[in-house]
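Since we're looking at a predicted model, the values are computed, not measured.
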Amino acid sequence: MSRIMKRLFLVWMFFILAVVAIIISMVFGSADITLEKIWHTLWTSQLVDTQDMVIWNIRFPRNIVAALVGANLAVSGAILQAVMKNPLSDPQIVGVSSGAGLAGVIIFILFPWLEHIVPLFAFVGALGAALLVYALAWKNGIRPTRIILAGVAVAAFLGSGISALLVFYGDRVQGALLWMVGGLAARSWNQVELLVPYTIIGLVLAFLGSRRLTILSLGDETAKGLGLPVEQTRFTMTAVAAFLAASAVSVAGLIGFVGLIIPHVTRMFIGTDYRFLLPGSAALGAAILVISDTIGRVVFSPVEVPVGIIMAFFGAPFFLYLLRRE
């Protein structure tokens, strides 16, 4: 019981960290705003001056989007690490984000009037990429090394498809290029409304499958001995991971390393029980992406650095550390 209480306490601490990160992010920017002003605007929803407009229409929805994207990518990465039995798995490394990215770029460049269905196409692309990686890596079972090699190959192949589209349709690539870098500039309430239902559905499905993920992480033989339908669980949870990653990619573009770093950090504090690991990863992922976006906005002002670049700057060394350790 004490262990459960400790884990619940840490999950709440991560959630509080996310809330604090959002508040701090709303204070700092091209124009600093007081906490009193932020509280008054959010509580009353009355927009009477420029600062009210900045708070309600720019900073608040942008931070909500950042938190939802961070939570989705972190939970997606945690699921993939259990399903693929590889601590180095994350939506970008194993090609899931690339599948969603290729589907999104196809819509943005070839069918821009269908932009409202980008999440659906991104989900199809992400799920297809995940299943392809899984099929290529399967040979009398799944091994971590084969997953990484198959994921790198699939990501490179899909990335070449994205590059080809950008070359052939050079006159239409501006929006697609910004989307590929991964950023949250100009994200507002429209993106919040688009992302919220996908996030709720995806996180609920992930939490419902948390007990199965814990059993699956013990190994296939142990899981089968405990009566778990291993392959059915792998397929359904891979679909959930692809759903979460696709929804994040469709709104924020290709942001890497969130799904790799956050589950590992959360695991260090909470352990391997996915009933607590998933909500902890969601809360910490939200906090980290909000903080990274704030760094990109504030530190290099007036130039805004996309959050995808900030995450890559911190995530790449962490990935190399994990690679060396494993």
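- With a 4.5 Å cut-off on side-chain heavy atoms, Ile288 and Ser292 count as touching.
- Between Arg187 and Asp293, no side-chain nitrogen of the basic residue sits less than 4.0 Å from a carboxylate oxygen of the acidic one, so the salt-bridge criterion is not met.
- The six-membered or imidazole ring of Phe15 lies near that of Trp12, with a centre-to-centre distance under 6.0 Å.
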Test log, rule side chain to side chain contact (heavy atoms under 4.5 Å, CB included), inputs Ile23 and Ile38: CA-CA 8 Å; Ile23 294 172; Ile38 292 171; 5.5 Å; no

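- Atom CH2 of Trp189 has more than 12 neighbouring heavy atoms from other residues, nucleotides or ligands inside a 6.0 Å radius.
- By the 4.5 Å heavy-atom criterion applied to side chains, Phe300 and Ile310 are counted as neighbours.
- Remark: side-chain polar atoms of Tyr274 are paired, donor with acceptor, to backbone N or O of Ala78 under 3.5 angstrom.
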Check against side chain to side chain contact (heavy atoms under 4.5 Å, CB included), Met26 and Leu42: CA-CA 11 Å; Met26 292 176 65; Leu42 296 181; 3.9 Å; yes

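- Cluster membership for Val152 and Met84, using ILVMFWY side-chain heavy atoms within less than 4.5 angstrom, is shared.
- Judged purely by atom type and a 3.5 angstrom limit, Arg234 uses its side chain to pair as donor or acceptor with the backbone of Val83.
- Closest heavy-atom contact between Ile22 and Ala67: CD1-CB, 4.3 Å.
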Side chain to side chain contact (heavy atoms under 4.5 Å, CB included) evaluation trace for Ile255 with Gln92: CA-CA 8 Å; Ile255 300 175; Gln92 188 175 53; over 6 Å; no

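- The shortest non-hydrogen separation linking Glu304 to Ala185 is OE2-CB, 3.4 Å.
- When each of Ile262, Val258, Leu260, Leu80 is tested with Asp90 by the rule side chain to side chain contact (heavy atoms under 4.5 Å, CB included), just one qualifies, namely Leu260.
- Of all heavy-atom pairs spanning Leu289 and Ala66, the tightest one is CD2-O, 3.3 Å.
- Hydrophobic clustering, with ILVMFWY side chains joined whenever heavy atoms are under 4.5 angstrom apart, groups Leu205 together with Phe235.
- Between the side chains of Ser25 and Arg62, no donor N or O sits under 3.5 Å from an acceptor N or O.
- Two residues are said to be in side-chain contact when any heavy atoms from C-beta on lie closer than 4.5 Å; Leu47 and Thr41 meet this criterion.
- In the hydrophobic clustering of ILVMFWY residues, with side-chain heavy atoms under 4.5 Å counting as a link, Leu131 and Val124 come out apart.
- Inter-residue side-chain proximity for Thr272 and Arg267 is flagged as met; some heavy-atom pair is nearer than 4.5 Å.
- Considering CG of Leu68 and CG of Leu244, their distance stands at 11.0 Å, rounded to 0.5 Å.
- Shown here is Phe121, whose CZ atom has no more than 12 heavy atoms of other residues, nucleotides or ligands within 6.0 Å.
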Stepwise side chain to side chain contact (heavy atoms under 4.5 Å, CB included) check, Asp49 with Asp52: CA-CA 5 Å; Asp49 57 26; Asp52 289 333; 3.1 Å; yes

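- Taking CG of Leu216 as the reference point, atom CE of Met237 lies at 9.5 Å (rounded to 0.5 Å).
- Checking side-chain atoms of Arg7 against main-chain N and O of Ile270 turns up a donor-acceptor pair under 3.5 Å.
- More than 12 heavy-atom neighbours from other residues, nucleotides or ligands sit within 6.0 angstrom of CE on Met13.
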Could you pull out every donor-acceptor pair under 3.5 Å between side chains of residues 153-165 and any protein atom, sequence neighbours left out?
unit_1	atom_1	unit_2	atom_2	d
Ser160	OG	Phe157	O	2.4
Ser163	OG	Gly159	O	3.1

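- Other residues, nucleotides and ligands contribute over 12 non-hydrogen atoms within 6.0 Å of the CZ atom of Phe318.
- Phe28 and Trp39 fall into different hydrophobic clusters, defined by Ile, Leu, Val, Met, Phe, Trp and Tyr side-chain heavy atoms under 4.5 Å apart, directly or through other members.
- Checking side-chain atoms of Ser210 against main-chain N and O of Phe207 turns up a donor-acceptor pair under 3.5 Å.
- A donor-acceptor contact shorter than 3.5 Å is absent between the side chain of Ser76 and the backbone of Asn72.
- Heavy atoms only, all atoms of each residue included: Leu277 and Gly271 are closest at CD1-O, 4.0 Å.
- Val249 and Ser97 make their closest contact through CG2-OG, 4.0 Å (heavy atoms, listed as atom of the first residue, atom of the second, distance).
- In this structure, Ser188 contributes its side chain and Asn57 its backbone to a donor-acceptor pair below 3.5 Å.
- Here the closest non-hydrogen pair linking Ala239 and Leu127 is CA-CD1, 3.7 Å.
- A 6.0 Å sphere centred on CZ of Phe269 holds no more than 12 heavy atoms belonging to other residues, nucleotides or ligands.
- Val303 and Val307 fall into different hydrophobic clusters, where Ile, Leu, Val, Met, Phe, Trp and Tyr residues are linked whenever their side-chain heavy atoms come under 4.5 Å apart, directly or through other members.
- Ile79 is listed as a side-chain neighbour of Val240, based on a closest heavy-atom distance under 4.5 Å.
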